[in-house]
Protein chains: 2
Amino acid sequence: MKIKPTSDSAKSMTGLILEVFRLNGALLEAGDSLVSDIGLTSARWQVLGGIAYSDEPRPVAWVAQDMGLSRQAVQRIVNDLKKAGLVELQPNPRHARAKLVLLTKEGQRRLAQASERQAKWVEELAKDLDPEDIANAASVITAASNRLLGEKSIRRQDPKT
Amino acid sequence: MKIKPTSDSAKSMTGLILEVFRLNGALLEAGDSLVSDIGLTSARWQVLGGIAYSDEPRPVAWVAQDMGLSRQAVQRIVNDLKKAGLVELQPNPRHARAKLVLLTKEGQRRLAQASERQAKWVEELAKDLDPEDIANAASVITAASNRLLGEKSIRRQDPKT
DNA sequence: ATCAAATTGACAGCATGTTGTCAATATGAT
DNA sequence: ATCATATTGACAACATGCTGTCAATTTGAT
């Protein structure tokens, strides 16, 4: 078989990709264990955060849009969160179906707990690493993401089109 | 609320984490579209690669171990691949149940196609990026992963313990 | 005011990964 | 040789995400 020449950039990039997969997995796992005893999972935590993100209560579809997740994915999680009493629905004067989602007291409490813990966790994770290096790494990764996502329309709702 | 001081490292790290999530998603999506018309998905492609990785055919459990995925996840994919005719099972002289998995001709063909395409793809993705920068980014990410994974035993099989 | 198009939640089906349980099979200590 | 333990695949339940379809509701152009 003929040897295919591979550029240095490509070789480095292949390594980077593998490391990104690895870190992604590690982060999800860490996130889960970080909040599991608060009765949360990474996904629920994320959605809870997405809901709390805006001052005004919004419909599920809007939250999803902002979070870059599909409408239905968020919908399901919200349903779960509602069952768990961390979230409640408010009538929407503008739209009969699209009720407004907001955190319950309990939801706020849990999210605050998670956030606090997360802050300490990141602090620990970043300890002794050079902020410059970290920022540079983020730049490279952003560049790669943009290259991948840039070409296609950044659609995230129903692909009904 | 009292403002919590946050170190520069932690701030950078938070940004990096978000970018890693973003790139991870972009990579999966790119991977899927890269091989979809070959009749593969990212997951199947990965497993196919894991099987081809060793010279000797191995049982599913071993492949899973090597890939850092759970035994059952790989098992299910392998079952699918078998149905699709990309993989076949060979009797294992050492173990009656743990049959050996190997690629069929067709499986090899598809994998080769995917690999070739992937090489070009990475080349394009890395184009104009400094290999040094990429390598540095990978280092930072590796450091973070190690910090997260390092503490716990790197177990990946049944947690029956 | 009317009617086509967009938005939205409900429901359902699929892909992927995890975990737990079970039975068959090896392995290893005695 | 025997028996506890580990490995392994099958099966099932669950979490998470995606997509498609449908009906209710809004919106907007006319």
Side-chain angles (χ1 to χ4, degrees), chain A residues 21 24-29 31-33 35-36 39-48 50 58-65 67-84 87 89-101 155-161, chain B residues 21 24-29 31-33 35-36 39-48 50 58-65 67-84 87 89-101 155-161:
Chain A
F21 283 147
N24 187 77
L27 286 172
L28 288 185
E29 195 179 328
D32 276 338
S33 29
V35 296
S36 67
L40 292 177
T41 63
S42 286
R44 291 176 189 196
W45 179 16
Q46 190 193 358
V47 171
L48 224 45
R58 292 170 301 167
V60 167
W62 294 27
V63 176
Q65 175 93 48
M67 297 200 313
L69 283 180
S70 79
R71 181 167 56 86
Q72 296 298 31
V74 175
Q75 182 74 54
R76 193 174 46 65
I77 302 281
V78 165
N79 290 342
D80 292 349
L81 288 173
K82 187 183 162 197
K83 262 185 209 144
V87 135
L89 300 181
Q90 212 176 41
N92 183 352
R94 321 261 202 83
H95 195 303
R97 304 195 80 196
K99 302 195 191 116
L100 306 174
V101 197
R155 207 185 344 83
R156 262 304 165 177
Q157 280 298 102
D158 292 291
K160 240 175 197 167
T161 334
Chain B
F21 283 146
N24 187 78
L27 285 172
L28 289 184
E29 195 178 327
D32 276 338
S33 29
V35 296
S36 67
L40 292 178
T41 63
S42 286
R44 292 176 189 196
W45 179 15
Q46 190 194 356
V47 171
L48 226 44
R58 291 169 301 166
V60 168
W62 295 27
V63 177
Q65 176 92 48
M67 296 201 314
L69 282 180
S70 80
R71 181 166 57 87
Q72 296 298 31
V74 175
Q75 182 72 54
R76 193 174 46 66
I77 302 282
V78 165
N79 291 341
D80 292 348
L81 288 173
K82 187 183 161 197
K83 260 185 210 144
V87 134
L89 299 181
Q90 212 176 42
N92 182 352
R94 320 259 202 83
H95 196 303
R97 304 195 80 195
K99 302 193 192 118
L100 306 174
V101 196
R155 208 182 345 83
R156 260 303 165 178
Q157 282 297 102
D158 293 288
K160 238 176 199 166
T161 333

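Just so it is clear: chains get the letters A, B, ... in the order the sequence lines come, proteins before strands, and each one is counted from 1.
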Work out how much the helix from C/dA1-D/dT30 to C/dT30-D/dA1 bends between its end axes, five pairs an end, to the nearest 10 degrees.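 Comparing the axis at each end, I get an angle of 20°.
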
How long is the gap from CD on B/Q65 to CZ on B/R58, to the nearest 0.5 Å?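 The distance works out to 10.0 Å.
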
Straight-line distance of B/I77 CD1 to B/Q72 CD, nearest 0.5 Å: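 Spacing of CD1 (B/I77) from CD (B/Q72) equals 12.0 Å.
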
Test item: [X] and [Y] side chains (from C-beta on) under 4.5 Å apart, heavy atoms:
X     : Y      : value
A/S36 : A/T41  : no
A/L89 : A/L100 : no
B/Q46 : B/L69  : yes

Minimum heavy-atom separation for [X] and [Y], please, with both atom names.
X     : Y     : value
A/N92 : A/A98 : ND2-O, 2.9 Å
B/A61 : B/R71 : CB-CD, 3.8 Å
A/K99 : A/A96 : CG-O, 4.2 Å

Counting side-chain heavy atoms from CB outward, which of [options] is closest to [X]?
X     : options                : result
B/Q46 : D/dA10, C/dG17, C/dT16 : C/dG17
A/R71 : C/dT18, D/dT16, D/dT21 : D/dT21
A/A73 : C/dT16, C/dT21, D/dC18 : D/dC18
A/A43 : C/dG9, D/dG17, D/dG9   : D/dG17
A/R76 : D/dG17, D/dG9, D/dA10  : D/dG17

Nearest-angstrom distance from the residue atom [atom1] of [X] to [atom2] of [N]:
X     : N      : atom1 : atom2 : value
A/I77 : D/dC18 : CD1   : P     : 10 Å
A/Q72 : D/dA15 : CD    : P     : 18 Å
B/W45 : C/dG17 : CH2   : C1'   : 19 Å
B/L28 : D/dT16 : CG    : P     : 17 Å
A/F21 : C/dG17 : CZ    : C1'   : 15 Å
B/L69 : C/dT19 : CG    : P     : 11 Å
A/R58 : C/dT7  : CZ    : C1'   : 16 Å
A/E29 : D/dT16 : CD    : C1'   : 16 Å

Would you please confirm or rule out a distance under 4.0 Å between OP1 or OP2 of D/dG17 and any side-chain N or O of A/S70?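 So the side chain of A/S70 is outside the cut-off, no N or O lying under 4.0 Å from OP1 or OP2 of D/dG17.
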
OP1 or OP2 of C/dT7 versus the side-chain N and O atoms of A/W62: is any pair under 4.0 Å?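 The answer is no; no side-chain N or O of A/W62 sits under 4.0 Å from OP1 or OP2.
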
With DNA chain D as reference, determine whether B/N79 or A/V74 sits nearer its 5' end, using the nearest nucleotide of each.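 The residue closer to the strand's 5' end, by nearest nucleotide, is B/N79.
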
Could you go through nucleotides 25-29 of chain D and list every protein N or O atom that sits under 3.5 Å from one of its N or O atoms, giving the distance for each pair?
| residue | atom | partner | partner atom | Å |
| --- | --- | --- | --- | --- |
| D/dT26 | OP1 | A/A96 | N | 2.5 |

Is a donor-acceptor contact shorter than 3.5 angstrom present between the side chain of B/Q75 and the base of C/dG17?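 Absent.
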
What protein N or O atoms touch nucleotides 1-4 of chain C N or O atoms at under 3.5 angstrom, if any, and at what distances?
none

Quiz question: by atom type and distance under 3.5 Å, do the side chains of A/S42 and A/D32 form a donor-acceptor pair?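 Short answer, yes.
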
For A/S42, report the nucleic acid contact type (base, sugar-phosphate, nothing); a contact means any heavy atom under 4.0 Å.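 No contact.
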
